[in-house]
Amino acid sequence: MPTHFGEHPLPRAFYERASAAVARALLGQRLVRVLNGRRLSGLICETEAYGGATDQASHAYRRTPRSAIMFGPPGIAYVYFIYGMHHCLNVVTECDGYPGAVLIRSITPAEGIECLRENRPGVADRYLADGPGKLCQALAVTAPLNGIDLTRNSELFITAGAQVDVQELVVTPRIGVRGDEETRTRPWRFVWQPTSHPVRPDPRGETSSNALV
DNA sequence: TATACGATCACCT
DNA sequence: GGTGATCGTATAC
């Protein structure tokens, strides 16, 4: 795949679909961050889909100034601050006017590992970007990147990465969400677990299934 | 204006 | 497996 000048970010049409479809399709794609002239990247290996008024776990369950971005055009980054110290990176999905987003929960470092190490001092390579807050720290994704267009070749974008085989796909309920039974059990977390190299086990032990594949 | 808490992480036992 | 850190945001008053 192209890793040089002129590579094409995934087009807006990629994101203009149902959140769960985008969450599934993002597995294996390459998240690229250009920081101080250095290029960092990783392959997306864990995502979660979030919806609108019928998804009690979503920020867009109610429209507020913060969640308004989820109602806008797809392909835009939604970065928010949580627990007083972490950032989370999302991609807006669905048509303009209809809310949706995908939370990127973890990546496998691919380029610029030295820089990721600098951003996460004292952390073993295996844990550099294996969580939503961790990957934001590793890639220096913070509030100023909120609203950036991921379909443009700039500081943050996503390009085509690896093919993810169905055999390597795990689908589970989302982590740490509240709400009614339907919201809590909705199978909207997608994990890429290449059989060749083990990925971390399910962090909270919820049952997994390939039912949605 | 005030208050409670979260789409988390790291460090403790 | 338990919990403190730490603050923007939403919501209640």
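Because only heavy atoms are used, hydrogens play no part in the values below, and waters and symmetry mates are left out as well, while side chains stay in. In what follows, chains carry the letters A, B, and so on, assigned in the order in which the sequence lines appear, proteins first and then strands, with residues in each chain numbered from 1.
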Output one line per pair: protein atom, nucleotide atom from nucleotides 10-13 of chain B, and distance, for all N/O pairs under 3.5 Å.
| residue | atom | partner | partner atom | Å |
| --- | --- | --- | --- | --- |
| B:dA10 | OP1 | A:Arg120 | NH1 | 2.7 |
| B:dA10 | OP1 | A:Arg120 | NH2 | 3.0 |
| B:dA10 | OP2 | A:Lys134 | NZ | 3.4 |

Find out whether the Lys NZ or Arg CZ of A:Arg12 is both under 6.0 angstrom from the six-membered ring centre of A:Phe14 and within 45° of the ring's axis. no

Counting only side-chain nitrogens and oxygens, does A:Arg189 get under 4.0 Å of the OP1 or OP2 atom of B:dA7? no

Within this structure, what is the CZ-to-P distance between A:Arg184 and B:dA7, rounded to whole angstrom? 14 Å

Expressed as a whole number of angstroms, how long is the span from A:Arg186:CZ to B:dA7:C1'? 14 Å

Ignoring hydrogens and angles, state whether a donor on the side chain of A:Trp188 or A:Glu48 is under 3.5 Å from an acceptor on the partner side chain. no

Taking A:Val191's backbone N and O only, do any of them form a donor-acceptor pair with A:Glu46's side chain (distance below 3.5 Å, no angle check)? no

Treat a base pair as Watson-Crick or G-U wobble with both distances under 3.5 Å, then lay out DNA chain C in dot-bracket form, 5' to 3', with | for cross-strand pairs. |||||.||||||.

Can you list everything that forms a side chain to side chain donor-acceptor pair (under 3.5 Å) with A:Glu16? Sequence neighbours excluded, please. none

Distances under 3.5 Å between nitrogen or oxygen atoms of protein and nucleotides 4-6 of chain B:
| residue | atom | partner | partner atom | Å |
| --- | --- | --- | --- | --- |
| B:dG6 | OP1 | A:Arg178 | NH1 | 3.3 |

Scanning both residues in full, the closest heavy-atom pair of A:Gly179 with A:Arg184 reads O-NE, 2.7 Å

Atom pair CD1 (A:Ile44) and CG (A:Leu135), whose distance is rounded to the nearest 0.5 Å: 9.0 Å

Show every side-chain hydrogen bond (donor to acceptor under 3.5 Å, both in side chains) that has at least one partner inside residues 70-94 of chain A, sequence neighbours left out. A:Ser19-A:Thr93, A:His59-A:Tyr78

Mark yes or no: A:Arg152 above the aromatic ring of A:Phe157, with NZ or CZ under 6.0 Å from the six-membered ring centre and no more than 45 degrees from the axis. no

Can you check the distance between C:dT3 and B:dC5, where both ends of the measurement are the C1' atom (answer in whole Å)? 15 Å

Between A:Leu89 (CG) and B:dC9 (P), how many Å, whole number? 13 Å

Does the ring of A:Phe190 carry A:Arg105 above it, NZ/CZ under 6.0 angstrom from centre and within 45° of its axis? no

What distance separates A:Thr64 OG1 from A:Ile69 CD1, expressed to the nearest 0.5 Å? 11.5 Å

Taking 4.0 angstrom as the limit, do A:Arg39 and A:Glu7 come out as a salt bridge? yes

Check the hydrophobic clustering (I, L, V, M, F, W, Y; side-chain heavy atoms under 4.5 Å; chains of links allowed) and say if A:Val91 and A:Leu103 are grouped together. no

For DNA chain C, note the earliest and the latest nucleotide, 5' to 3', having some atom under 4.0 Å of a heavy atom belonging to chain A. C:dA5 to C:dT11

Can A:Arg30 and A:Glu111 be counted as an ion pair, charged N to O under 4.0 angstrom? yes

